[in-house]
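Heads up, the thing below is written out as structure tokens.
What you see is a predicted model; the values in this text were computed from it and never measured.
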Amino acid sequence: MTLESLISSGVELIEQGDYVKAIDQFSRALQLSDSSFKAYLNRSIAYQRSQKLDLALKDVDQAIHIAKDLRQSQEYISVSYFRKAIILYLLKNYTESYQNILLAQKYNCSDITFPSWKSKIEAKLDSEKSKPVQSVPDSSKAEKSPANEKPLQPTTASIASKPRIDWYQNSTEVNISIFVKKIDKSSLKVDFAKDSLEVSFPLPDSGKDYTYKIEKLFAKIDPSKSSYTVFGTKLELTLQKIEPIQWNSIELDQQPQPSTTHEESTLAYPSSSKKKIDWSKLEDDEDEAKDDQSPDAFFQQLYKNADDDSKKAMMKSYIESGGKSLSTNWDNVENKDFSTEAEP
């Protein structure tokens, strides 16, 4: 068999859930070409879904290395970092997982499940930060401590005071959420300009002034049609796009120029299969016990045939609620705060 036919066969075996045979096909492909990006990336997926996470991580690292050597490989790089973030999440290495999800975002990852995975990883990071940390006394000093001395009490790890910021987009708008509870509306200042944005308000807990400023937005917006809404747990900014282009980031920097591809379109992972495969359907949850019945699978199926307003409503309700709510009615969703439903 040729390299392409081996990879195509392996991809089909992944779809059928036969990961052992899929791994064998990709391994045979790598014997023909040890620099095949598609073979390494797809074998990594097969390893991951068969719970061989260390081998999956090794393969995806090799895929990243190969992708960086290829010309015009931004899509390959973004896919690789996204897959690595998921693997690290399953390995419970949430810090590195978050670093890789940010790299995937930097390279314009357009996978439909990217926002939900990013939120999931951030939630784990927040949870880890809030766990108490037990101080360990120096052993030499401990021997000299009086017998009746009280033990050290656990101290809570400090949490960064900088608010968490999330954003998503559709063909007409960019939505930015600044997660701060109980913002004083009377002290809030929001300034929309064609190519810039500035927000300032006192932080409720400390009273210190907080400023969120973007001097050069990724693309021009219509200030007259842009708006903001204060919820109990966050401030949501809605930036009205002038042109229906995809933003690679909020702020214009050295990122590639905007493309006309909308973020709603799913990313077909690199594959040699003649059949176009949407890898976003291969949902990777931590238990992976009932893939076909997972919320993400249901979300993807419903999202596929929805109109623009329904897609916008689905993204807002599903992401902000942490997957607990899903609505297709934008009129009901537009001014509703779902973030409280995501709290335990």
Side-chain angles (χ1 to χ4, degrees), residues 94-95 98-99 101-103 105-106 115 118-133 155-170 173-242 247-255 315-317 319-322 333-344:
Y94 305 123
T95 300
Y98 185 62
Q99 292 170 354
I101 205 75
L102 292 181
L103 286 170
Q105 180 173 299
K106 175 184 176 182
K118 186 170 182 286
S119 297
K120 189 183 295 187
I121 294 167
E122 287 174 338
K124 284 293 185 180
L125 275 179
D126 291 342
S127 175
E128 289 295 305
K129 286 179 181 179
S130 64
K131 288 182 179 179
V133 178
T155 58
T156 302
S158 61
I159 301 176
S161 59
K162 186 176 180 180
R164 177 166 67 89
I165 297 173
D166 277 343
W167 73 286
Y168 64 92
Q169 65 180 311
N170 56 42
E173 297 175 348
V174 173
N175 294 83
I176 304 173
S177 294
I178 303 176
F179 288 87
V180 176
K181 295 181 179 180
K182 299 179 181 178
I183 295 175
D184 183 3
K185 295 181 182 179
S186 63
S187 302
L188 172 64
K189 295 180 181 179
V190 180
D191 182 21
F192 295 108
K194 283 189 176 181
D195 56 3
S196 65
L197 166 69
E198 183 170 359
V199 178
S200 62
F201 56 86
L203 294 170
D205 294 337
S206 64
K208 294 181 179 180
D209 289 336
Y210 170 75
T211 300
Y212 177 73
K213 186 175 182 180
I214 303 295
E215 294 183 349
K216 193 71 174 177
L217 290 167
F218 189 86
K220 292 185 182 297
I221 63 171
D222 186 343
S224 64
K225 295 182 180 179
S226 299
S227 61
Y228 67 89
T229 306
V230 178
F231 296 104
T233 57
K234 68 171 184 175
L235 167 66
E236 183 175 286
L237 309 166
T238 302
L239 281 56
Q240 184 71 35
K241 293 180 178 180
I242 291 180
W247 290 26
N248 293 346
S249 59
I250 299 175
E251 189 169 9
L252 183 65
D253 50 22
Q254 299 302 316
Q255 298 292 330
M315 291 294 288
K316 177 179 171 64
S317 61
I319 294 171
E320 289 184 3
S321 68
V333 167
E334 183 176 7
N335 296 317
K336 184 174 180 180
D337 182 13
F338 289 89
S339 57
T340 55
E341 299 179 22
E343 296 177 359

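- Residues E236 and S177 form a side-chain contact, since some pair of their non-hydrogen atoms from C-beta on lies under 4.5 Å apart.
- Taking CZ of F179 as the reference point, atom OG1 of T233 lies at 6.5 Å (rounded to 0.5 Å).
- The shortest non-hydrogen separation linking V230 to I183 is CG1-O, 4.0 Å.
- To the nearest 0.5 Å, atom CD of residue E173 and atom CD1 of residue I221 are 11.0 Å apart.
- One distance of note links CG of L252 with NZ of K220; it measures 10.0 Å at 0.5 Å rounding.
- For S119, the side-chain contact (heavy atoms from CB on, under 4.5 Å) partners at least two apart in sequence or on another chain are D166, I319.
- In this structure, the side chains of K106 and S249 stay at 4.5 Å or more apart for every pair of heavy atoms.
- Taken from CD in Q105 to CG in N248, the straight-line distance is 10.0 Å, to the nearest 0.5 Å.
- Here the straight-line distance linking atom CG of D222 with atom NZ of K194 works out to 8.0 Å at 0.5 Å rounding.
- Side chain of S226 to backbone of Q240: a donor-acceptor contact under 3.5 angstrom is found.
- Closest non-hydrogen pair, Y228 versus F192, comes out as CD2-CE1, 4.2 Å.
- Scanning all heavy atoms of the two residues, the minimum distance from I165 to K118 falls at O-NZ, 4.4 Å.
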Take L217 and I250 through the test side-chain contact (heavy atoms from CB on, under 4.5 Å) and record every step on the way to the result.
CA-CA 6 Å; L217 290 167; I250 299 175; 4.2 Å; yes
Could you tabulate the donor-acceptor pairs under 3.5 Å formed by side-chain atoms of residues 197-213, not counting sequence neighbours?
{"residue": "S206", "atom": "OG", "partner": "K208", "partner atom": "N", "Å": "3.3"}

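- Distance check, rounded to the nearest 0.5 Å: CD of E251 to CD of E215 gives 7.0 Å.
- For K241, the salt bridge (charged side-chain N to carboxylate O under 4.0 Å, His left out) test picks out no residue, with sequence neighbours left out.
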